[in-house]
Every structure is written in structure tokens, then in C-alpha cells.
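In this text, all values refer to a predicted model and were calculated from it rather than measured experimentally. Sequence lines set the chain letters: A, B, ... in the order given, protein chains first and strands last, and positions in each chain run from 1.
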Protein chains: 2
Amino acid sequence: MSVSERKEREKEQRRQEILRAAKTVFFRNGFEKTSMEMVAEECQLAKGTLYLYFKSKEELYLSLVEDGIRILDEMMEKTIAKPLRADEKLLALAQTYFRFTQSHNEHFTIFKMIDVGTLNGKVDQEKLDEIQRLRMAAFERMEEVVAEAIRQGAFQTTHKPREIVMMLWAATFGAIMMCADKCQQLDMFKEVHAEKFVMRIASALIESFRTANVQEEPLGRENERKRKTQKTVEETEPQKSF
Amino acid sequence: MSVSERKEREKEQRRQEILRAAKTVFFRNGFEKTSMEMVAEECQLAKGTLYLYFKSKEELYLSLVEDGIRILDEMMEKTIAKPLRADEKLLALAQTYFRFTQSHNEHFTIFKMIDVGTLNGKVDQEKLDEIQRLRMAAFERMEEVVAEAIRQGAFQTTHKPREIVMMLWAATFGAIMMCADKCQQLDMFKEVHAEKFVMRIASALIESFRTANVQEEPLGRENERKRKTQKTVEETEPQKSF
DNA sequence: GTCAAAAACTGACTTGCGGTCAGTCTACCC
DNA sequence: GGGTAGACTGACCGCAAGTCAGTTTTTGAC
């Protein structure tokens with residue numbers, strides 16, 4: 001093995017060691033209440049050294065989510081491997097996502113920061129894009145399941161698989177955000193059983209894909225220019241379904 | 001008018017003036033990139049003075065949301081006043097919420113910070129509770145509409161109105177969060193028409209309340225103790241609806 | 001083994017900001 | 001007009017992110 005190879009590997013080990021320390025400290029105290037000094041101490045390096053491996057505090061913190069993405073992906077993979085029908089798998093996946101957020105709450109906190117946009121100006125777009133790419137794996141898995149459900153005839157929807165995944169993801173995310181033990185801010189959400197709540201919502205959506213119904217306008221943005229402004233509900237033609 | 005009364009009023013005016021300045025500066029630059037010095041400059045006061053009216057930077061920023069809550073509440077009120085059936089109103093309310101987030105994006109950013117919990121350790125719980133109370137008004141309005149829908153027989157659900165509102169709120173929030181122009185982080189969400197997307201999700205949920213279906217376990221937490229662990233999807237009895 | 005160049009690491013220092021408080025100013029009242 | 005309460009000020013403090021000149025370690029040629 002050449003020297004440069006070994007150096008490379010050693011560098012990677014240092015990086016990992018820093019990540020380990022960062023995980024310990026950030027997950028114990030939270031992002032705001034952790035200083036780079038604390039991380040440095042945890043891995044017995046000088047503060048300056050951390051900056052040789054990570055551009056900023058935010059980038060270091062953000063890097064921790066990569067593990068989280070991997071964990072979620074594995075959990076989802078297991079769920080998909082179960083002997084269920086494709087449409088059942090989708091509900092199971094919502095549950096899996098929920099359970100991930102409960103058992104890996106600190107990782108979910110980073111997810112939230114990304115989705116809320118807290119980290120936007122503070123981290124290279126490249127880094128953010130890289131995270132996006134990693135997250136896409138999970139979406140693609142789900143997309144596959146949706147495609148399967150359509151093939152099996154369980155779904156009659158006119159939406160594209162990708163769109164269905166987005167809907168499920170968004171609604172599930174919102175549900176978890178609002179009522180998961182460790183997240184919920186609005187008092188009233190404390191009264192519901194979080195997992196049931198999340199699954200009730202996912203379930204409603206899934207049911208709605210079984211039949212192509214009148215609500216199913218295409219969701220794409222292609223024709224956006226054609227109408228001057230979007231119609232408000234009462235301006236649209238009455239719809240049979242309600 | 002007594003002197004003390006006038007003083008009181010002047011103090012309130014100062015407070016308002018500070019809020020005005022804070023709004024200008026925070027909404028232009030964002031929370032992180034705004035310093036208290038900048039706010040002070042905008043309202044031509046010394047930095048120290050700001051702290052006579054607001055406990056911290058976070059509290060000042062958070063106070064700005066009160067306007068946002070009022071605006072949303074008014075928008076919702078108008079929507080509810082429209083000549084629609086109760087169930088139609090619920091969909092219209094989702095749209096209203098969406099439009100609020102688009103036209104008052106900065107206020108929505110504060111909503112997000114609250115819901116994500118970014119402000120938690122940094123602001124008095126009291127202050128947060130006060131905000132909660134204000135937000136409840138909107139929930140209660142919606143609850144009223146749901147109750148109406150149930151009374152009219154449009155909904156056959158076994159859920160409580162409050163629960164239905166929570167579901168709609170959570171799902172709509174998630175949908176907006178993921179795909180609204182100014183928020184979306186995941187690239188794929190750029191491809192959908194945000195408003196249609198949001199309404200498609202709300203619509204699916206609303207449809208699901210029309211009939212009491214097998215998914216409708218009670219969502220309360222009362223009986224939580226009875227089962228050791230929550231069942232995963234494939235462990236539950238097969239359900240007719242899928 | 002020696003030594004010089006390269007690479008890795010260090011921690012004192014700079015910068016910027018949130019928050020404080022001793023001191024000043026103003027308005028009111030006796 | 002003088003004394004007091006309360007509003008206001010801005011220099012100052014502490015802290016933490018990020019930098020960089022200098023130190024230590026590693027490497028590889030001889």
C-alpha cells in the first residue's frame with residue numbers, strides 16, 4: 001500500500017473520529033448549545049483542526065445526518081422486504097418513517113433543519129445537494145413500491161408514482177412534525193396517539209389513490225402560464241365528489 | 001387623561017415602533033443575519049433600549065408572528081364566510097392557509113421555527129404559550145366548520161372534530177413545507193404545482209372523513225398502556241379496506 | 001541516521017454579536 | 001427650582017466561530 005493511500009485512509013479515520021465526537025456532543029446538547037471547542041475536546045484535537053476537515057460548525061453538524069439517512073434507508077429496505085402487498089407496504093413505510101423519527105430523534109432534528117431551511121445560507125449548496133442525493137435513495141425505493149401498486153391494479157390513480165411518493169412523504173412528515181412526542185409544539189397534539197395519528201393520515205392518502213377521482217388534476221407546473229391566477233375553491237366548477 | 005395613562009400609551013407606542021423596525025429589518029435579512037444593533041438603528045434607539053421592551057432577540061422576533069396569526073385568522077374568517085358547504089369550506093381553508101404562506105412567507109417562517117422547536121430553549125415558555133393561545137383561534141374556527149360538516153351529514157367519521165382539524169392541519173402543513181416555492185428543499189418538489197399539490201392532499205383527507213371506515217381507530221392516548229408495544233403493519237389483522 | 005520539505009496540527013487571537021448596567025437625560029411633581 | 005422616578009444610552013463583557021502564524025510530525029531522498 002502506498003504512503004498516499006495510507007494517508008488518505010488515516011485522514012478518513014480522523015474525519016470519522018471527529019464525526020463520532022460531534023455526534024456524541026451535538027446529540028447530547030443540541031446544535032446551539034454545543035461549541036466547536038466542546039467537540040474538539042471530545043476528540044482530543046484542537047479546534048482549528050476541526051476546520052481542516054469541515055468548513056463550519058453547520059457543515060459538521062449537517063454531516064451527521066448522513067448516518068441518519070443510511071439508517072432510515074435500511075429500515076425502509078427491511079419494511080419493503082416484508083411479505084406485504086405493495087399498497088400495504090406504503091402504509092408500513094409511513095410507520096417505518098415514524099418509528100425512525102422516534103428512535104433517531106436527533107437525526108430527525110437535522111432532517112427538520114434541512115427541510116425548514118435553517119441551514120440554507122450557512123452551508124455550501126454542494127453539500128446540501130449531496131445530502132439531497134442521499135435522501136433520494138429512500139424516495140426511489142418508495143417510488144418502486146408505488147409503481148408496483150399501480151402495476152398490481154391496487155392504485156388507479158392518474159398521478160405519477162413520483163407524485164404519490166411526494167404526497168405521502170409530505171403528509172407523513174407534517175403529521176410527525178406536529179404530533180411526535182419529541183417535536184410537538186402545539187399543545188392539542190399531545191392528546192393524540194402519535195403513531196395512530198400519522199398512520200391515519202397516510203392511510204387516507206393511500207386510499208385516495210385506489211380510484212382515479214375528480215380531484216386528480218395533474219400536479220405538474222407545465223401549464224402554469226395558461227391561467228392568470230389560480231382559482232379559489234368556490235370559483236372552480238362544482239365537483240361531483242363533493 | 002392621567003399622566004400614567006399617557007405614559008402607558010407612549011410605552012405601547014414605543015413597543016409598536018420597535019416591532020415595526022424589527023419587522024422591516026428581520027423580514028429583509030432573516031433572523032440570523034439581523035443584529036439587534038440593526039434593529040436599534042432602524043428605530044433610532046440604543047440597543048439597550050430594545051431590551052427594556054423585549055427580553056431577547058428571539059422574543060422580539062417571535063413577537064412579530066402575532067401579526068401573522070391575526071392576518072391568517074382574518075383570511076380564514078373570510079373563507080368561512082363564503083357561501084360554501086362546510087366540507088367545501090375545509091378544502092378552501094387549506095387553500096387559504098397555503099395562500100397565506102405564500103403571501104406572508106416571512107410570517108410562515110416564524111411559524112415553522114415555532115413548530116420545529118428552534119425557539120424552544122430560547123424564549124420563555126409563557127411567551128410560547130401565549131402564541132399558542134392566539135393560534136388556537138384558527139383551530140377553533142376550523143373545528144366549528146368540521147362540527148358543521150358532521151351535523152350536515154357530510155362527514156360520517158367517528159373522529160372528534162378536533163382530531164380532524166389536527167389531521168388537516170398537519171397534512172397541509174407538511175405539504176406546504178415540502179413544496180411551497182419559498183420553502184422547498186428537496187429538488188423533486190420543484191416540479192409540482194404547489195397549490196394543487198397541497199389541495200390534493202387536503203382533499204384526500206377530507207374525502208376520508210365522509211365515511212366511517214375501518215382505519216378509524218380512536219386516536220386518543222388513553223389506552224396506551226394496554227398494549228405493550230404498538231403493532232407493526234403486518235402484525236395487525238388484515239383490514240377490509242386494503 | 002540526517003535533514004529538508006510537506007503535511008498535519010495547534011491554540012492564541014480576531015471578530016462579531018447578544019446581552020448588561022452604571023451613568024445620563026427627561027419629565028413630572030412638590 | 002430642585003429632587004426623584006423612570007426612560008434611555010452606549011461602552012463594556014463574555015462567549016463562541018473561525019483564522020492563521022507558528023510548531024510538531026511525517027516523509028522520502030541521500
| task | Provide, to the nearest angstrom, the distance between the NZ atom belonging to B/K57 and the P atom belonging to C/dG19. | result | 8 Å

| request: Indicate yes or no: does B/E195 engage B/R99 in a salt bridge with an N to O separation below 4.0 Å. | output: yes

| remark: Whichever of A/G48 and B/A46 has the more 5' nearest nucleotide on DNA chain D, that residue is B/A46

| Below 4.0 Å: OP1/OP2 of C/dC9 and any side-chain N or O of A/Y53 | yes

| query | Can you check the A/E37 CD to D/dA17 P distance for me, whole Å? | reply | 9 Å

| note | Quick note, A/S56 side chain, CB onward, closest among D/dC8, C/dC9, D/dG18 is D/dG18

| message | Whole angstroms only, please: what is the CD-P distance between A/E17 and C/dA8? | response | 17 Å

| message | What is the separation between atom CE on A/M36 and atom P on C/dC13, rounded to the nearest whole Å? | response | 21 Å

| note | Here the distance between atom C1' of D/dC15 and atom CD of A/E32, to the nearest Å, is 14 Å

| task | State, without any angle test, whether A/K47 and A/S35 hold a side-chain donor-acceptor pair at a distance under 3.5 Å. | result | no

| task | Using atom CZ of B/R9 as one end and atom P of C/dA27 as the other, report the distance to the nearest whole Å. | result | 15 Å

| request: Figure out the CZ/P separation between B/R15 and D/dA7, and round it to whole Å. | output: 15 Å

| task | Taking only the side-chain nitrogens and oxygens of B/K11, find out if one of them lies under 4.0 Å from OP1 or OP2 of D/dA7. | result | yes

| query | Separation of A/E59 atom CD from D/dA17 atom P, in whole Å? | reply | 15 Å

| task | Mind checking A/L45 for me? I need base, sugar-phosphate or nothing, with any heavy atom below 4.0 Å counting as a touch. | result | sugar-phosphate

| query | Charged N to carboxylate O under 4.0 angstrom, A/R20 versus A/E42? | reply | yes

| query | Within the pair B/S35 and C/dC17, is there a side-chain N or O less than 4.0 Å away from OP1 or OP2? | reply | no

| field | Residue B/E58, side-chain heavy atoms: nucleotide from D/dG18, C/dG19, C/dT10 that is nearest | value | C/dG19

| said: Go nucleotide by nucleotide along DNA chain C from the 5' end; which of B/T49 and B/E10 gets its closest nucleotide reached first? | reply: B/T49

| query | Would you say D/dC20 has OP1 or OP2 under 4.0 Å from some side-chain N or O of A/Y51? | reply | no

| field | Check ion pair B/D67-B/R70 (N to O, under 4.0 angstrom) | value | yes

| field | Nucleotide of D/dG18, C/dG19, D/dA7 approaching A/K47 most closely (side-chain heavy atoms) | value | D/dG18

| said: Under a 3.5 Å threshold, yes or no: a donor from one side chain and an acceptor from the other, between A/E17 and A/Q13? | reply: no

